[in-house]
Protein chains: 2
Amino acid sequence: MQKMNNKNQIFIDKLRSSGLRPTKQRVEISTFLFKRKKTFHFTVEELKNSMNLKRSKKISTATFYNTVHALKSAGYLKEFSLENNTSYYDTNISSHHHFFDNGKVIDIKSDKITFKKLPEAPKGKKIKNVEVVIRLENNN
Amino acid sequence: MQKMNNKNQIFIDKLRSSGLRPTKQRVEISTFLFKRKKTFHFTVEELKNSMNLKRSKKISTATFYNTVHALKSAGYLKEFSLENNTSYYDTNISSHHHFFDNGKVIDIKSDKITFKKLPEAPKGKKIKNVEVVIRLENNN
DNA sequence: ACTTAGTTTAGAACTATTATAAAGTAGATA
DNA sequence: TATCTACTTTATAATAGTTCTAAACTAAGT
């Protein structure tokens with residue numbers, strides 16, 4: 001592969017350290033996803049559209065799916081589902097909470113919600129994580 | 001429609017009071033869903049399979065979808081989504097919480113979880129409900 | 001440069017769901 | 001009870017999101 005701008009080196013290393021060959025497509029997708037100040041939420045279709053819009057040579061749909069799955073398996077993305085039955089991905093992988101406002105999703109930092117009481121895990125199980133969804137409606 | 005066993009009258013009234021004509025199919029589906037001690041969770045496909053298994057004259061897929069949507073709109077069912085992108089429905093419509101254990105869903109009564117701290121709704125919005133998902137994993 | 005295992009790609013296939021429009025039926029009316 | 005009509009059911013087609021397939025391509029080790 002042609003040598004890339006050094007500023008992508010961090011993503012190349014990130015991919016390689018997860019056993020993912022840093023192909024052109026994977027590096028570009030990773031850069032697009034992770035090189036930003038704020039974390040964000042997206043569907044694969046949204047990601048594909050916004051990245052391919054500015055490209056002459058398009059990245060294929062299958063590659064977007066493959067790469068997003070690979071990044072999720074490697075622990076760089078978190079998946080969640082809304083009632084419209086499409087997968088959303090979150091670049092914020094730390095345990096946190098969400099406002100759901102008619103299909104719009106807003107992060108809530110973990111420390112904004114604390115519990116007074118939580119149930120025990122059933123026998124033989126343990127708690128992996130606890131996530132809260134606060135559904136919003138308009139104030140009228 | 002042929003007169004039905006009186007024990008279904010409650011479901012007939014329930015449907016009629018929501019503006020839903022109590023057809024044979026709707027009454028049977030409602031009876032199947034709501035005439036049980038414990039609330040439960042299902043997908044439309046699961047509902048269809050388990051009801052049609054014991055029937056000579058099958059109810060169509062479209063009717064299962066139509067009826068489940070109608071019951072949801074009428075407020076008798078609650079919808080939620082797992083990461084597999086299929087809609088699950090819950091006959092427990094009261095606000096409550098869930099354990100998610102590898103695709104298996106277990107109800108948590110509302111009073112089993114209480115909060116010490118919760119964020120404000122964004123300006124112009126108010127909180128419709130707050131639901132917690134506790135993800136489980138095996139204890140090894 | 002050569003090799004090969006891993007990757008990308010277009011397109012087919014699949015799954016859950018929604019739309020269509022023709023046939024059937026509940027319930028009102030006479 | 002017979003008739004009428006709007007609502008409902010049904011089989012089927014269509015759609016959306018996603019996964020599969022297998023041929024072409026490429027990163028990276030030799």
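Order of the sequence lines fixes the chain letters, A, B, ..., with proteins taken first and strands second; residue numbering starts at 1 for each chain. All values below come from the heavy atoms of this structure, side chains included, with hydrogens, waters and symmetry mates left out.
OP1 or OP2 of D:dC7 has not a single side-chain nitrogen or oxygen of B:Arg26 nearer than 4.0 Å. An OP1 or OP2 oxygen of C:dG27 is reached within less than 4.0 angstrom by a side-chain nitrogen or oxygen of B:Arg16. Note on A:Gln25: a side-chain N or O is less than 4.0 Å away from OP1 or OP2 of C:dT9.
Spacing between atom CG of B:Leu15 and atom C1' of C:dG27 amounts to 15 Å, rounded to whole angstrom units. Distance NZ (A:Lys24) to C1' (C:dG6): 16 Å, rounded to an integer number of Å. Between the CG atom of A:Leu82 and the C1' atom of D:dA16 there is a distance of 16 Å, given to the nearest Å. Atoms CD1 (B:Ile59) and P (D:dT10) sit 7 Å apart, rounded to a whole Å. Atom CG of A:Asn52 and atom C1' of C:dA10 are 14 Å apart (whole Å). Atom NZ in A:Lys57 sits roughly 12 Å away from atom C1' in D:dT26 (whole-Å rounding). Computed from coordinates, the A:Glu28 CD to C:dT8 C1' distance equals 13 Å when rounded to whole Å. If you take CE of B:Met51 and P of D:dT10, they are 11 Å apart, rounded to a whole angstrom.
Hydrophobic clustering, defined by side-chain heavy atoms of Ile, Leu, Val, Met, Phe, Trp and Tyr closer than 4.5 Å, groups B:Val105 together with B:Phe80, B:Leu82, B:Tyr88, B:Phe100, B:Val133. Here A:Ile93 is tied to no hydrophobic group at all, with no ILVMFWY side chain closer than 4.5 Å.
Judged purely by distance below 3.5 Å, without hydrogens or angles, the side chains of B:Thr86 and A:Asn85 never pair a donor atom with an acceptor atom.
For DNA chain C, none of the residues of residues 40-47 of chain A falls under the heavy-atom distance limit of 4.0 Å. The stretch residues 84-92 of chain B touches DNA chain C through B:Thr86, B:Ser87, each having a heavy atom under 4.0 angstrom from the strand. Near-neighbour residues of DNA chain C inside residues 61-81 of chain A, defined by a heavy atom below 4.0 Å, number-ordered: A:Ala62, A:Thr63, A:Asn66.
Remark: A:Gln25 pairs with no residue by the side-chain hydrogen bond (donor to acceptor under 3.5 Å, both in side chains) rule, at least two apart or across chains. Every residue was checked against the side-chain hydrogen bond (donor to acceptor under 3.5 Å, both in side chains) condition with A:Ser73, not counting sequence neighbours, and none meets it. Residues that satisfy the side-chain hydrogen bond (donor to acceptor under 3.5 Å, both in side chains) test with A:Thr43, not counting sequence neighbours, are absent from this structure. For B:Asn138, the side-chain hydrogen bond (donor to acceptor under 3.5 Å, both in side chains) partners two or more places apart in sequence, or in a different chain, are A:Lys125. Taking A:Phe32 as the reference, nothing meets the ring pair (Phe, Tyr, Trp, His ring centres under 6.0 Å) condition, with sequence neighbours excluded.
Distances were taken from every side-chain heavy atom of B:Thr23 (C-beta onward) to each of D:dT10, C:dT7, D:dT8; the shortest belongs to D:dT8. For A:Arg21, the listed nucleotide lying nearest its side chain is D:dA27; candidates were D:dT9, D:dA27, C:dT9.
Counting only residues at least two apart or on different chains, the salt bridge (Lys or Arg N to Asp or Glu O under 4.0 Å) pairs with a member in residues 49-58 of chain B are B:Glu28-B:Arg55. Residue pairs meeting the ring pair (Phe, Tyr, Trp, His ring centres under 6.0 Å) criterion with at least one member in residues 109-132 of chain B, sequence neighbours excluded, are A:Phe115-B:Phe115.
Among the atoms of the strands shown, none is found under 4.0 Å from any heavy atom of B:Lys48.
Cation-pi contact between B:Lys14 and B:Phe34: present, with separation from the ring centre below 6.0 Å and deviation from the ring axis of at most 45°.
Between the side chain of B:Lys109 and the backbone N or O of B:His96, no donor-acceptor pair lies under 3.5 Å.
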